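Remarks on the structure that follows.
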Protein chains: 2
Amino acid sequence: MRKGRATREKLMDIAEVAVLSKGFGATSIEEIIAEAEITKSGFFYHFKDKNELARALLQRYLETEDRILDNLFDRASELHDDPLHAFLIGLKLMSEMMADLPSGHPGCLVATYCYNERLFDRDVQEINREAVLRWRARFLAVFEEIAAVYPPSDDVDFEALADMVSTIVEGGIVMSKAVREPKVLAEQIMMLRSYIKLLFLPVQN
Amino acid sequence: MRKGRATREKLMDIAEVAVLSKGFGATSIEEIIAEAEITKSGFFYHFKDKNELARALLQRYLETEDRILDNLFDRASELHDDPLHAFLIGLKLMSEMMADLPSGHPGCLVATYCYNERLFDRDVQEINREAVLRWRARFLAVFEEIAAVYPPSDDVDFEALADMVSTIVEGGIVMSKAVREPKVLAEQIMMLRSYIKLLFLPVQN
DNA sequence: CTTTTACTGCACCGCCGGTGCGGTTTTTCA
DNA sequence: TGAAAAACCGCACCGGCGGTGCAGTAAAAG
C-alpha cells in the first residue's frame, strides 16, 4: 500500500524526465522499468497502459505547479497589501525561483503535451486545456483586482493579459532550452514585470 | 533531378506535420512513406537516416521562417520611416498573419526540437541554438535603432527585450495549441506591441 | 543512347508497446 | 500470528518499427 505508492512515484519521476527531454512517444516503457529496476509486469500493475501513465504524469505535474503558484503568490501577498505591488513581488520571486534552478527549468508538461497532441486521447487533452484555462482565471482575477485601484495606461484585454503570464513562462522555457541559457527564463519574467509596471503604475514625473 | 526534389519536399511536408503533432520520436518512417506512397528504400535514398531528416526539416523550416520575417518587417518599414512605428506596424502585421491561419499555427519546429533534445545529435541542436541567437540579434538591432531615437521608459536589457519577441511567439503558439483558440497567439503578439508602445512611445498627456 | 537519378523489392535484425496469465513475495491489518 | 490484500516477478507471444544491405530497374538528362 505505502510501498506501491513509492514505486509509482519513482516510475513517474523517471518517466517525467524522459518525456521532457525526448517527448512522450520516444519514451519507452522499457527504459523506464530498466532505470526503476522493475519488471514490465510491475509497470503494468501500476498503469494499465501508456496513456494512463500520461494522464497520471500530467495530473501530478499540474497539482505541484498549482501548489507552487499558490505558495509563491501567497508569500508575495504577505509582503505587501497592495495588489499591484504584491503581484510585482510575486513575479520577482518567480523570476528568482527560475534562476535558482541549477541546470535550468526541466520543461513544462503542458507544452510537451501540446506538441504531442496526436498521442493522447481526448480526456488527457481536456485536462491540459482546463489547466491553462485555470491559469487564465487565476491571473484574470489578479489583474481585475489591480485595475480596480490602478487604471491601466493602455486599453488591453485582461484575459489576454492573464494569458500573457503563462505565455511568457512557456515561451521562456522554450527559449532557455533552445539557447541553453537558464537565465533567459528568469529575464523574460522580469520583462513581463516591467510591462505590468508600465501598464499600471502611475508615471513618476 | 527535378523529380527527386519534389519527392523529397513531399516527404518533408508529411514529416513536418507529423512531427509537430506527435513529436519526432513518435513519427514513424513507415507512416511517412505510406502517406507519400513510396517505399522504405525510396525514403532512405533521400535521407540516410532519421537524424538527417531531422536536420533537413529544421533547416528548411528556419529558412522559410527567416524569409517570412524579412518580408514582413520589410513591408512594415515601407509603411513608415520611423523605426519604432515601423516595428509596431510589423507586429500588427505579424498578429494579423497569425490570426489568418485557418486552423491556428501548426507549431514551431524549434520548440518541438527543444522538447525532443535527447533525440538529436549535437549539430542539429547547434543549428537550433544558432537560429534563436539569430532572432535575438535581429531584434536587438531593431531595438537599438529605436532606442537611439526614443529613450525607453524603463531600464531594460535590450537582449532580453529582443528575446521577448521570440518568447511571446513560442509561448503564444503553445497557449493557442493548449486551449485550442488560434486567436490567443495573435492576441499575445498585440500584448507585446502594447509593451513596446509603453516602453518607447512618449507619454501622451 | 549511355549515364545518372530516382527509385522498387526483398530479406533480415533487434527493440518496443502491449497482452495475458500464473505464480510469488511483501505488507497490512484484524 | 496468520490470512487477505497488495505488489510485484517470469515468461511467452504478437505485430510494428528503425535501420541495414544490396541487387535490380524505370525514368529522366545529357
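Keep in mind that what you see is a predicted model, and the values were worked out from it rather than measured. A note on names: the letters A, B, ... follow the listed sequences, proteins ahead of strands, and every chain is numbered from 1.
With sequence neighbours excluded, the residues satisfying ring-ring contact (aromatic ring centres under 6.0 Å, His included) with Phe73(B) are Phe87(B), Phe139(B). Shown here are the ring-ring contact (aromatic ring centres under 6.0 Å, His included) partners of Phe120(B), two or more places apart in sequence or in another chain: Phe24(B), Tyr113(B). Taking His105(A) as the reference, nothing meets the ring-ring contact (aromatic ring centres under 6.0 Å, His included) condition, with sequence neighbours excluded.
Scanning all heavy atoms of the two residues, the minimum distance from Ala178(A) to Val110(B) falls at CB-CG1, 4.4 Å.
In terms of phosphate contacts, His46(A) brings no side-chain nitrogen or oxygen within less than 4.0 Å of OP1 or OP2 of dA7(D). In this model, the phosphate group of dC8(D) is not approached by any side-chain N or O of Tyr45(A) to a distance below 4.0 Å at OP1 or OP2.
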*Carefully, step by step, assess Glu63(B) and Arg67(B) under the rule salt bridge (charged side-chain N to carboxylate O under 4.0 Å, His left out).*
CA-CA 6 Å; Glu63(B) 280 163 21; Arg67(B) 251 203 321 275; 5.4 Å; no

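More than 12 heavy atoms of other shown residues, nucleotides or ligands fall within 6.0 angstrom of atom CG in Asp121(B).
Comparing the start and finish of the helix from dC1(C)-dG30(D) to dA30(C)-dT1(D), five pairs each, the helix axis swings through 30°, to the nearest 10 degrees.
In this structure, Arg55(B) does not pair ionically with Asp49(B), as no charged nitrogen and carboxylate oxygen lie closer than 4.0 Å. Using a 4.0 Å cut-off between charged nitrogen and carboxylate oxygen, Lys177(B) and Glu170(A) do not count as a salt-bridge pair.
Remark: P of dT26(C) and CD1 of Ile38(A) are 14 Å apart, rounded to the nearest angstrom. Per the geometry, CZ belonging to Arg8(A) stands 14 Å off C1' belonging to dA6(D), to the nearest Å.
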*Any chance you could list the contact pattern along nucleotides 20-25 of chain D? Use B for base contacts, S for sugar-phosphate-only contacts and - for none, protein heavy atoms under 4.0 Å, 5' to 3'.*
B-----

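Mapping Lys50(A) and Thr39(B) onto DNA chain C via the closest heavy atom, the residue that lands nearer the 5' end is Thr39(B).
Only Thr27(B), Ser28(B), listed by number, bring a heavy atom of residues 16-28 of chain B to less than 4.0 angstrom from any atom of DNA chain D.
Looking at the side chain of Glu30(B), the nearest of the listed nucleotides dC17(D), dG17(C), dG9(C) is dC17(D).
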